[in-house]
Amino acid sequence: MSLYAAAPDLAPLLKAVEARYNHAQTLQVLFHEAYTGPGQPRRQESGTLLLRKPGRMRWDYTTPQGKLFVSDGKFLWLYTPSNNQVEKMKLKESDDMRAPLAFLLGKLHFEKEFRNIKGLPVQGGMRITAEPKIDSLPYTNVEFVVTPDSQIRSVQVTGYDKSILEYNFDQERLNPPLEAKLFRFQMPPGAELVEDAQ
């Protein structure tokens, strides 16, 4: 049974969201990130997210100042200024919780990626909840809040360990000019490189 048959009222909205992000070549948006790990206090961070097809991301943090997360399409680089350390991981080996956000510039296809998709009207749009179709992913549930003009305003990811990662997006710009060099990671002076041993 098709997802759209199961939730016919959601079908036009999901298709519009897919069209919006699948046709965009670049994207710029402000993000507010909150992470709550098991038994840990909530940690909040914010900054600007730049995306460029295929597979390039740059998270420039203003809180904490200087933190940087870059994907060049092959590797992920995370710079943490507090310990002046750079972590480098292969893109496909990363089980980073940002993975559900790759859809913003990937090939977004709700029916292919998710199951048990449900919609609930909320203030400012529709809350869409879904589960990943592949059980080996590091998360069990995803929620999107989508505006009537098919913008994704927030994403909440629940991990297997019951951690919760929330993103709220603001001031979205589709197809701004973003140079390729923005997505090439430059080692900060004196930083220590830690390569993933996977």
Side-chain angles (χ1 to χ4, degrees), residues 1-37 42 44-57 59 71 91-92 94-176 178:
M1 180 174 163
S2 160
L3 148 76
Y4 299 123
D9 53 327
L10 274 183
L13 180 62
L14 298 180
K15 286 289 185 201
V17 173
E18 289 171 357
R20 179 183 184 87
Y21 293 102
N22 290 346
H23 293 144
Q25 291 301 310
T26 60
L27 181 97
Q28 178 176 330
V29 69
L30 298 183
F31 72 88
H32 299 275
E33 173 186 338
Y35 177 76
T36 310
R42 184 174 155 116
Q44 298 192 67
E45 301 179 332
S46 58
T48 303
L49 166 62
L50 306 175
L51 295 154
R52 177 175 162 152
K53 285 183 179 173
R56 289 166 177 78
M57 294 189 284
W59 302 72
S71 161
L91 194 56
K92 64 179 185 293
S94 168
D95 61 358
D96 192 281
M97 289 290 270
R98 288 175 185 78
L101 300 176
F103 72 85
L104 281 170
L105 268 192
K107 291 181 169 58
L108 177 56
H109 195 303
F110 283 101
E111 190 166 11
K112 216 185 209 164
E113 304 289 332
F114 301 110
R115 62 183 176 213
N116 297 336
I117 299 182
K118 299 179 181 124
L120 179 71
V122 292
Q123 187 175 355
M126 178 75 73
R127 181 183 301 279
I128 298 164
T129 59
E131 297 166 9
K133 272 192 173 172
I134 301 170
D135 290 331
S136 60
L137 294 174
Y139 59 96
T140 56
N141 192 60
V142 182
E143 287 185 17
F144 305 94
V145 173
V146 178
T147 65
D149 65 352
S150 57
Q151 276 191 54
I152 294 174
R153 294 308 300 271
S154 71
V155 179
Q156 180 175 302
V157 183
T158 304
Y160 267 117
D161 59 359
K162 302 288 189 275
S163 61
I164 294 177
L165 183 60
E166 302 166 69
Y167 286 96
N168 287 295
F169 300 115
D170 202 14
Q171 297 180 32
E172 178 185 291
R173 289 174 57 206
L174 286 183
N175 294 315
L178 298 176

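All figures in this text were calculated on a predicted structure; none of them were measured in a lab.
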* To do: Anything under 30° is parallel, anything over 60° is perpendicular, the rest tilted; go ahead and classify Phe144 against Phe110.
  => perpendicular
* To do: Please determine if Glu18 and Lys112 form a salt bridge, counting it only when a charged side-chain N lies under 4.0 Å from a carboxylate O.
  => no
* To do: Go through the structure and list residues passing side chain to side chain donor-acceptor pair (under 3.5 Å) with Gln156, not counting sequence neighbours.
  => none
* Output the distance between atom CG (Asn141) and atom CG (Asn116), rounded to the nearest 0.5 Å. => 9.5 Å
* Can you name the side chain to side chain donor-acceptor pair (under 3.5 Å) partners of Thr36, sequence neighbours left out? -> none
* Structure fact -> On a heavy-atom basis, the closest approach of Thr140 and Gly159 is OG1-O, 4.0 Å
* So, do Phe169 and Val155 sit near enough that their side-chain heavy atoms are less than 4.5 Å apart? -> yes
* Residue pairs, two or more places apart or on separate chains, that pass salt bridge (charged side-chain N to carboxylate O under 4.0 Å, His left out) and touch residues 135-148 -> Arg115-Asp135, Arg127-Glu143
* Set of side-chain contact (heavy atoms from CB on, under 4.5 Å) partners for Ala34, sequence neighbours left out -> Arg42, Gln44, Glu166
* Asp170: partners by side chain to side chain donor-acceptor pair (under 3.5 Å), with sequence neighbours left out -> Arg153
* Can you establish whether the number of heavy atoms outside Lys133 located under 6.0 Å from its atom NZ is more than 12? => yes
* Asked: Partners of Gln28 by side chain to side chain donor-acceptor pair (under 3.5 Å), sequence neighbours excluded?
  -> Arg173
* Distance, nearest 0.5 Å, that separates CD1 of Ile152 from OH of Tyr21 -> 4.5 Å
* To do: Mind listing the closest non-hydrogen atom pair of Phe31 and Thr48 along with its distance?
  => CE2-N, 3.5 Å
* To do: For the residue pair Ile128 and Leu13, establish whether any side-chain heavy-atom pair is separated by less than 4.5 Å.
  => yes
